[in-house]
Amino acid sequence: MPWLADNPLISVVDDDEAVRESLRGLLRSVRFGVDVFASGEEFLSSHSAGGTDCLLLDVRMPGMSGLDLQRSLMTTHPEIPIIFITSHEDEELRSQALRRGAVDYLLKPFSEEALLKAVERALGPRMASITG
């Protein structure tokens with residue numbers, strides 16, 4: 001897929017190692033750069049925050065929740081598009097996340113196609129400049 005030649009960086013924040021590794025494999029298979037983190041705190045303390053083109057973010061994690069991380073990033077890195085991923089169906093959390101600008105809110109288990117379409121939407125203009 002030549003349109004991913006400049007490898008947008010997708011960061012995954014999820015406390016479940018199996019989810020992190022599965023998403024790493026999927027995203028690398030379509031030639032994205034991928035960084036994975038077990039917590040919001042780990043992501044914030046990394047050097048990846050400033051270079052992340054899209055964030056896949058679990059809602060419920062020990063310590064800082066996904067919504068807490070979203071709130072923090074709204075101040076420090078508002079340009080990062082966020083896709084929430086969760087196994088907990090909660091309409092209030094979904095509404096909060098989307099009201100605060102999340103691109104999507106996917107319920108686990110989600111299809112590879114649904115995730116990749118959400119990432120494409122999140123990258124929006126960048127994808128157009130890569131594909132165009």
Side-chain angles (χ1 to χ4, degrees):
M1 291 185 195
W3 54 272
L4 293 176
D6 80 345
N7 294 325
L9 177 62
I10 311 300
S11 291
V12 178
V13 179
D14 197 302
D15 60 315
D16 184 329
E17 183 177 5
V19 170
R20 290 192 309 271
E21 293 310 312
S22 173
L23 291 175
R24 181 196 314 256
L26 170 63
L27 294 165
R28 282 189 174 165
S29 77
V30 292
R31 303 176 106 157
F32 285 114
V34 183
D35 282 340
V36 296
F37 304 93
S39 70
E41 294 89 349
E42 185 181 343
F43 174 75
L44 288 175
S45 68
S46 76
H47 296 293
S48 291
T52 293
D53 295 302
C54 178
L55 179 62
L56 301 181
L57 180 56
D58 191 11
V59 174
R60 294 186 182 177
M61 298 177 287
M64 177 181 267
S65 74
L67 289 172
D68 291 339
L69 179 56
Q70 181 190 34
R71 191 175 310 114
S72 173
L73 291 173
M74 287 169 63
T75 305
T76 59
H77 294 287
E79 73 284 359
I80 299 175
I82 298 172
I83 298 166
F84 279 96
I85 54 176
T86 185
S87 52
H88 304 282
E89 192 165 355
D90 184 321
E91 188 54 40
E92 178 56 32
L93 291 179
R94 180 182 182 283
S95 294
Q96 280 181 35
L98 294 173
R99 259 195 323 269
R100 292 180 184 164
V103 172
D104 212 332
Y105 191 96
L106 302 175
L107 286 174
K108 299 174 191 172
F110 43 79
S111 70
E112 291 179 1
E113 181 180 351
L115 178 73
L116 293 174
K117 283 185 180 208
V119 169
E120 187 175 327
R121 278 193 313 277
L123 293 174
R126 175 157 185 181
M127 291 298 289
S129 69
I130 293 169
T131 59

Evaluation steps, side-chain contact (heavy atoms from CB on, under 4.5 Å), between L23 and I85
CA-CA 11 Å; L23 291 175; I85 54 176; 3.7 Å; yes
Give a yes or no on whether the backbone of L93 and the side-chain of D90 come within a donor-acceptor separation of less than 3.5 Å.
yes
Heavy-atom count around E21 CD within 6.0 Å, excluding the residue itself: above 12?
yes
For residues I83 and A122, report the shortest heavy-atom separation together with the two atoms involved.
CD1-CB, 4.0 Å
For the pair Q70 (side chain) and A97 (backbone), establish whether a donor and an acceptor sit closer than 3.5 Å, ignoring hydrogens and angles.
yes
Any idea which heavy atoms bring G50 and H77 closest together, and the distance?
CA-CE1, 3.7 Å
Please say yes or no: joined through hydrophobic side-chain contacts below 4.5 Å, possibly via intermediate residues, are V36 and L115 part of one cluster?
yes
With heavy-atom distances below 4.5 Å as the criterion, would you say the side chains of L69 and L55 are in contact?
yes
Of the non-hydrogen atoms in D15 and M61, which two are nearest, and what is the gap between them?
OD1-CG, 3.6 Å
Near E79 CD, under 6.0 Å, is it more than 12 heavy atoms from other residues, nucleotides or ligands?
yes
Sequence neighbours left out, what pairs pass salt bridge (charged side-chain N to carboxylate O under 4.0 Å, His left out) with at least one residue falling in residues 34-43?
none
To the nearest 0.5 Å, what is the distance between CZ (R121) and CG (D104)?
4.5 Å
In terms of hydrophobic clusters joined by side-chain contacts under 4.5 Å, are I82 and F37 together?
yes
Do L107 and R94 touch side chain to side chain, with heavy atoms closer than 4.5 Å?
no
Under the 3.5 angstrom rule, does the side chain of D58 hit a backbone N or O of V13 as a donor-acceptor pair?
no
Which atoms form the tightest heavy-atom contact between L106 and A118, and what is the distance?
CD1-CB, 4.3 Å
Residues D16 and K108 bridged, charged N to O under 4.0 Å:
no
When you measure from the side chain of S46 to the backbone N and O of F43, does any donor-acceptor pair fall under 3.5 Å?
yes
State yes or no: do L123 and V30 share one hydrophobic cluster built from I, L, V, M, F, W and Y residues joined by side-chain heavy-atom distances below 4.5 Å, directly or via other members?
yes
Counting only heavy atoms not in E89, do more than 12 sit closer than 6.0 Å to its CD atom?
no
Assigning hydrophobic clusters by single linkage (Ile, Leu, Val, Met, Phe, Trp, Tyr; side-chain heavy-atom cutoff under 4.5 Å), is V34 placed with I80?
no
Heavy-atom pair with the smallest gap, counting every atom of V103 and P81:
CG2-CB, 3.7 Å
Which heavy atom of L44 sits nearest to which heavy atom of S72, and what is that distance?
CD1-OG, 4.0 Å
S48 backbone acceptor or donor facing T52 side chain under 3.5 Å
yes
Which value, rounded to the nearest 0.5 Å, describes the distance between R60 atom CZ and F84 atom CZ?
12.5 Å
Is the count of non-hydrogen atoms from other residues, nucleotides or ligands lying under 6.0 Å from E17 atom CD greater than 12?
no
Are side-chain heavy atoms of L27 and L116 found at a separation under 4.5 Å?
yes
With a 4.0 Å cut-off on N to O distance, would you call E120 and K117 a salt bridge?
no
Stepwise side-chain contact (heavy atoms from CB on, under 4.5 Å) test for Y105 and V59:
CA-CA 9 Å; Y105 191 96; V59 174; 3.7 Å; yes
Straight-line distance of F110 CZ to S87 OG, nearest 0.5 Å
10.0 Å
Within this structure, what is the CD1-CZ distance for the pair I10 and R24, rounded to the nearest 0.5 Å?
13.5 Å
Linking I/L/V/M/F/W/Y whenever any side-chain heavy atoms sit under 4.5 Å apart, do L67 and V12 land together?
no
